[in-house]
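Before any comments, here is the structure.
The sequence lines fix the lettering, A, B, ..., with proteins before strands; numbering per chain opens at 1.
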There are 2 protein chains.
Amino acid sequence: MSEKATERACWRDVQKNDITHSAAHYLMAIDTLREQNGYARVTDVAELLEVTRGAASISIAQLKKREWVTEDKHRFLVLTEEGKHMAMLVEQNFRTLSRFFEEVLGVSREVALAEACKMEHLMSLETGKRLVWLMKYILSHGHTAAEIHQAMNCFKPGCESVEHCPLCEDDSVPPSRYGVLADSGNSESGMAQGDRCE
Amino acid sequence: MSEKATERACWRDVQKNDITHSAAHYLMAIDTLREQNGYARVTDVAELLEVTRGAASISIAQLKKREWVTEDKHRFLVLTEEGKHMAMLVEQNFRTLSRFFEEVLGVSREVALAEACKMEHLMSLETGKRLVWLMKYILSHGHTAAEIHQAMNCFKPGCESVEHCPLCEDDSVPPSRYGVLADSGNSESGMAQGDRCE
DNA sequence: ATCGCTTGTTTAGTAACCTAAACAGTAGTT
DNA sequence: AACTACTGTTTAGGTTACTAAACAAGCGAT
């Protein structure tokens, strides 16, 4: 009876995400600036991110509260260990996703970068690692990579109507998004899919 | 000189996304309710999404302004053609992503659903189609699918430190995130990739 | 010592979300 | 008709994140 929490409305969890899109970019900006200039000040971050100093000031104050950012002896901004870790995670997710979109899926570079940028902070370390693993596998197995590239090169829009998609023709997977609407008795039927991965 | 916009700060484009995470779920909720109950009212949507009627009322008013939602003869909520299209797109992205995470990457169902839910509204139709295409290819080529599944089953955390990742060891790809810091002259090199889809 | 510039913070106002609570209808019941 | 219940909107208040503009502090130059 409590197992249906598995299917529970997940849609509001976005707000409970570890890190915000904006926070991630403030962290990465500080990191970038320290790497490139050796130091990072509020003004530099603001300029890099193209926001006002006021906005940067307030956002960075939040990051200090969260202990992702501190100041060094010279009062310049630095990432704490945890801050560095968050920044690296997002940075890595960005690279993984953009490479996946561009090199595996064959999406244009612009779109690949734009979409990777939107999703980078939403992917878990676990999923990111698995995606890297998949890409490593594909890229290190010449014939597989070639086949997939060939397949992707033959990609044609197709599937024009979003309403009907070849992959989703079997409606086996789409799990109910919002818990149980009407009382749908046996909730064990949800796991009737022992046919994969054996 | 204006071509460097290619590498320009993309990080604020998230706000310019076609649809908001919350808007997407309001649309899908209306769609779900009409399918399940035959009608959708503000109260039903609020209950389904677990928000107050006040919040639902205001959000739905916005959707009406955008002409994604109207009312039928009985004053019940309905999606317009455009609204339906947006809802279908997000719904499809959700299915695609969750299946990809779960079936291809081997992520647990919970995580797969949660992350798909966060990203569903951020993936373009184009990328979504290509991902479907890739999955179709993988799943329809027994040996490839088997190999990949085997590889993914052998997945071990590895790559423990986020700082150093096997895939990203060659720093060839990571494009500068925030425009040009120092003046980096020639920007035409960005489009050196005319090798697809001919 | 005062001008002028940069730096960082603060304040007021905007926008998209949410809650809680008051409010105005509409509709069924006694 | 009056009581109650449900529906939908509105109001006030909170959050995150932005802009614009005022402000305080520091610092170099004359």
Calculate the interatomic distance between A:Leu77 atom CG and C:dT9 atom C1'; express it in whole Å. 14 Å
Protein-nucleotide distance (A:Leu63, atom CG; C:dT9, atom P), rounded to Å: 12 Å
Taking B:Glu120 first and then B:Arg95, would you say they form a salt bridge - that is, a charged N and a carboxylate O separated by under 4.0 Å? no
Between P on C:dT7 and CD1 on A:Ile60, what's the gap in Å once rounded to a whole number? 14 Å
Where does the chain B footprint on DNA chain D start and end, counting 5' to 3' with a 4.0 Å heavy-atom cut-off? D:dT7 to D:dT19
Determine the minimum heavy-atom distance between A:Val78 and A:Asp72, stating which atoms define it. CG2-N, 3.6 Å
Which residues, ordered by chain and number, are linked to B:Val14 in its hydrophobic cluster, where ILVMFWY side chains connect at heavy-atom gaps below 4.5 Å, directly or through other members? none
Can you check each nucleotide of nucleotides 13-19 of chain C against protein heavy atoms at under 4.0 Å and return B for base, S for sugar-phosphate only, - for none, in 5' to 3' order? ----SSB
Shortest non-hydrogen contact from A:Met135 to A:Thr96? SD-O, 3.9 Å
Atom-pair distance (CZ on A:Arg75; P on C:dT9), nearest Å: 8 Å
Would you please confirm or rule out a distance under 4.0 Å between OP1 or OP2 of C:dT7 and any side-chain N or O of A:Arg41? yes
Walk me through it: do B:Thr127 and A:Glu115 pass the test side chain to side chain donor-acceptor pair (under 3.5 Å)? CA-CA 9 Å; B:Thr127 305; A:Glu115 294 185 21; 3.0 Å; yes
Is A:Asp13 paired with B:Lys118 through a side-chain N to carboxylate O contact shorter than 4.0 Å? no
Spell out, as yes or no, whether a donor-acceptor pair under 3.5 Å connects the side chain of B:His21 to the backbone of B:His121. no
Salt-bridged, B:Arg53 to B:Glu47, with N to O below 4.0 Å? no
